[in-house]
Undergrad: 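This is the structure I want to talk about, given as C-alpha cells.
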Amino acid sequence: MGDSLSQNCSPAKAGAQTGHPPSRVNMLLAFATLAIILTTLALLRPVDHDESQYVAAALLTAHGLIPYQDFAYLQTPLQPYLFAPIALIAGAWTWPALRITNALLGTATIAAVHRAARIGSASTRAATIATALFATCDILLFSIGTARNDALPAACLALALPAIVRTARDQASRNDAILIGMLLAAAASAKISYALPALTYGIWTLFRADRRPWWTLLGALPFIALTTALFLQAPEGFLFGVIGFPGQAPTEWYQSRPWKLSNTAKIIDTLKFLALGPALLAIVATTGRRHRWHLILDLLIVAGLIAALAPVPTWRQYLLPVLPALFVRLALVWHAHPPGKAMRIAAIVFACAGLAPHDRGRRERPHPDARRDARHGRGA
C-alpha cells in the first residue's frame, strides 16, 4: 500500500497534476536555448549601416528630446519611446543592448507563432516543425539580429496571432479583442508597413459583430493617440520622416542604377529573399489548402506582402510582416496534410539556405563613418 501511495505521489505525476507536464518544461527550455543562440548571433553580426539612426533615436528620446520635433526620425514613433528606458540604463552600451532586446523579441515572435498554431489545432509536431522552419528564415534572422526597428513590430504582430486565431475559431473573449487592437496598433506605431495588416484585420472584424470590432478599436486607441499627438506636434517633420524621405530617398540614391528600382528587380529580389529560408516553400505548400477560418491568416499574409512590395527597392526585412501568419498556416496545413518525402527534403534544403553563412549584415557596404556612428550611438 505504501508503494502504491508513493507511486501515486511520484514527482512526474505530481508535476502533471499541477499543470506543468514535462513537455511544457521542455518547450520552455527549448525557447530559452533559442534566446541564447539568437542573442549570441546578434552580438556577432556585422554592423548594419541603418542601425545608428535607431540607436540615436532611443538615446535622444531617453534624454527628453521629441521625435520629428527635435530630431529626424524615419518611422512611426513607438520604438524610441519603448526603448528609451533601455538606452537610459545602458548608456554607452545602448547599441549591443538594443541588439539583445531585438533578439529576445525575435524569440517571442517565434514562440507566438508556435502558440498560435497550437491554438489553431495543429499538432505539437506540426507546430514545432513549422516554427523551427520559421526560425531559419534569413528575413527573420537579419531583422532580429540588428538594432533596427524590425523586431518590435514583428513581435507585436506575432503576439496578436493566438488571439486572432481564437477569434477566427469563434472562441475569443472581449479581452482578446482589446489585446489584438493594442498589439496591431503597436506594430503599426513602430513601423508603418504594419498598418496595412492592422487595417486588414480591423476591416475583417466589421463583417461580424461577434468579432468585437469596437473593443478592438478600444485597444488600439492609446497607440493611435500617441502617433496622432506627435504628428500634431510636428506635422511637417512627421510627414517628412514617415512618408516623404522613405519615398524620395531611394529614387535619388539609385539614380546611377535605375534597374534596381524596376519591377523586374523587385520580383527577383523578393523571390531571392523568400528563398533564403523556407518562406517560399511555405507559400507553395499552403496555396489552395485552407479551412474556412484560415481566411484571416491569408488576408494578413496578402496584406503583409502588399506592404512589403510597396516601397522600392525591396529589402529582406520588408517581407517580415508576411512570415508569422504564413508559418501558422504551414503548421495547420501540414497537420491536416503531412508533407511527403520530397517536401521534407526541400524544407531541409531551404532551411540550410537560410542558415548558410553569407553577407546578411549589409544591403550595401557601409561607409566607414556609418560604422563609427553606429558604434558610438550617433546617426540621423
Undergrad: If we ignore hydrogens and angles and just use 3.5 Å, is the side chain of Q69 paired with the main-chain N or O of A234 as donor and acceptor?
TA: no

Undergrad: More than 12 heavy atoms of other residues, nucleotides or ligands under 6.0 Å from CZ of R125: is that the case?
TA: no

Undergrad: Could you pull out all donor-acceptor pairs under 3.5 Å where a side-chain atom in residues 151-168 meets a protein atom, sequence neighbours excluded?
TA:
{"unit_1": "R166", "atom_1": "NE", "unit_2": "D176", "atom_2": "OD1", "d": "3.4"}
{"unit_1": "R166", "atom_1": "NE", "unit_2": "D176", "atom_2": "OD2", "d": "3.3"}
{"unit_1": "R166", "atom_1": "NH2", "unit_2": "D176", "atom_2": "OD1", "d": "2.9"}
{"unit_1": "T167", "atom_1": "OG1", "unit_2": "A163", "atom_2": "O", "d": "2.9"}

Undergrad: Below 4.5 Å, heavy atoms only, C-beta onward: do N149 and Q53 meet side chain to side chain?
TA: no

Undergrad: Under the salt bridge (charged side-chain N to carboxylate O under 4.0 Å, His left out) rule, what pairs show up with a residue in residues 222-234, not counting sequence neighbours?
TA: none

Undergrad: Would you check if the side chain of E252 reaches a backbone N or O of A249 as a donor-acceptor pair within less than 3.5 Å?
TA: no

Undergrad: Which of these, T128, T131, T124, sits in a side-chain hydrogen bond (donor to acceptor under 3.5 Å, both in side chains) with H114?
TA: T128

Undergrad: Quick check with a 6.0 Å cut-off and a 45 degree axis cone: is R316 positioned over the face of F142's six-membered ring?
TA: yes

Undergrad: For the residue pair W259 and Y254, establish whether any side-chain heavy-atom pair is separated by less than 4.5 Å.
TA: no

Undergrad: The criterion is side chain to side chain contact (heavy atoms under 4.5 Å, CB included); which residues satisfy it with L196, sequence neighbours excluded?
TA: T200, A303, I306, A307

Undergrad: Show me the pairs that pass salt bridge (charged side-chain N to carboxylate O under 4.0 Å, His left out) and involve residues 262-279, at least two apart or across chains.
TA: K260-D269, D269-K272

Undergrad: Scan residues 178-194 for pairs that pass side chain to side chain donor-acceptor pair (under 3.5 Å), counting only residues two or more places apart or in two chains.
TA: D150-K191, S189-T227

Undergrad: Any idea which heavy atoms bring W334 and A126 closest together, and the distance?
TA: C-CB, 4.4 Å

Undergrad: Where does the angle between the aromatic ring planes of W293 and H291 fall among parallel (under 30°), tilted (30 to 60°) and perpendicular (over 60°)?
TA: tilted

Undergrad: Test your reading of the model: is there a side-chain donor-acceptor pair from N102 to the backbone of T146, 3.5 Å cut-off?
TA: yes

Undergrad: Kindly list each side-chain donor-acceptor pair under 3.5 angstrom involving residues 321-331, sequence neighbours excluded, with atom names and distances?
TA:
{"unit_1": "R329", "atom_1": "NE", "unit_2": "D298", "atom_2": "OD1", "d": "2.7"}
{"unit_1": "R329", "atom_1": "NH1", "unit_2": "R289", "atom_2": "O", "d": "2.9"}
{"unit_1": "R329", "atom_1": "NH1", "unit_2": "H294", "atom_2": "ND1", "d": "3.4"}
{"unit_1": "R329", "atom_1": "NH2", "unit_2": "T286", "atom_2": "O", "d": "3.1"}
{"unit_1": "R329", "atom_1": "NH2", "unit_2": "R289", "atom_2": "O", "d": "2.8"}
{"unit_1": "R329", "atom_1": "NH2", "unit_2": "D298", "atom_2": "OD1", "d": "3.4"}

Undergrad: Specify the closest pair of heavy atoms between T107 and A35, including all atoms of both residues, with the distance to one decimal.
TA: OG1-CA, 3.4 Å

Undergrad: What residue among F240, F238, F231 forms ring pair (Phe, Tyr, Trp, His ring centres under 6.0 Å) with Y68?
TA: F238

Undergrad: So does I119 get a backbone contact from the side chain of R115, meaning a donor-acceptor N/O pair under 3.5 Å?
TA: no

Undergrad: What closest approach, in Å, do W95 and A147 show between heavy atoms, and which atom pair accounts for it?
TA: CD1-CB, 3.9 Å

